[in-house]
Amino acid sequence: PGAPMTEVRAQVLAFPEGVFPGATHHLVRAELTARRPRRLHGHAFHELLWVQNGRVRHHLPDRREDLTEGDLIFLRPGDVHGLQGRGAAAMVVSLSIRDSAIAALGAHHPTLAGTGFWSEAADPPRHHLDMRRMAEVNHAALRLERAPRDALALEAFLLPLMAEIAQAPADV
């Protein structure tokens with residue numbers, strides 16, 4: 001029961017096209033159960049995932065890691081994972097983003113190369129936000145939910161976050 005999940009084939013989730021046709025992104029909040037995921041899944045899009053509340057177990061093909069409030073995960077197409085709540089009220093926020101929006105942002109800001117979605121690391125890149133920064137991201141996410149689901153609103157949300165991560169000193 002405590003062994004890492006290994007999965008050769010995983011379900012690949014498509015961008016939620018039917019919800020908002022033509023949207024560049026889609027944001028949802030989800031409370032996680034303590035049930036272990038039956039299988040891992042991948043995405044045919046990019047996903048920014050953060051722990052809003054509680055603790056989360058992040059299952060990867062070769063291991064698992066525990067996430068706490070403020071942990072951000074940058075999932076790229078091809079990354080495979082699963083989520084499990086650990087304790088009461090484990091909640092994540094998931095921002096699904098079209099590949100074309102990430103490609104355009106990376107082309108417009110080449111200094112993002114190697115950071116977050118543009119990382120070439122084998123595992124999904126992970127970053128931790130302190131409580132103050134987490135409150136700012138959650139406030140920005142509320143604005144994003146109320147805004148049009150277009151590239152401008154998405155960039156207004158992502159750029160401050162990505163600039164902070166890309167410009168952080170390497171030894172922090």
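Quantities reported herein were computed from a predicted structural model and do not represent experimental measurements.
Of the possible donor and acceptor atoms, one in the side chain of Q84 sits under 3.5 Å from a partner among the backbone N and O of A34. A donor-acceptor pair is defined here as one N or O able to donate and one able to accept, closer than 3.5 Å; such a pair exists between the side chain of R98 and the backbone of A23.
Counting only heavy atoms from C-beta outward, the side chains of H108 and L105 never approach each other to under 4.5 Å. Looking only at side-chain heavy atoms (C-beta outward), V93 and V137 stay at 4.5 Å or farther from each other. Two residues are said to be in side-chain contact when any heavy atoms from C-beta on lie closer than 4.5 Å; F157 and L48 meet this criterion. At a threshold of 4.5 Å between non-hydrogen side-chain atoms, the residues L83 and R57 do not count as touching.
When all heavy atoms of R76 and G116 are compared, the pair lying nearest together is CD-O, 4.3 Å. The two residues R126 and I73 have their closest heavy-atom pair at CG-CD1, 3.6 Å.
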- Item | side-chain contact (heavy atoms from CB on, under 4.5 Å) assessment of L161 paired with W50 | CA-CA 12 Å; L161 178 64; W50 67 90; over 6 Å; no
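The same ILVMFWY cluster, assembled from side-chain heavy atoms under 4.5 Å apart, contains both L27 and L159.
Tested against F117 for a ring-ring contact (aromatic ring centres under 6.0 Å, His included), the candidates H127, H43, H46 yield a single pass: H46.
Taking the ring centroids of H59 and H81, they lie at or beyond the 6.0 Å cut-off.
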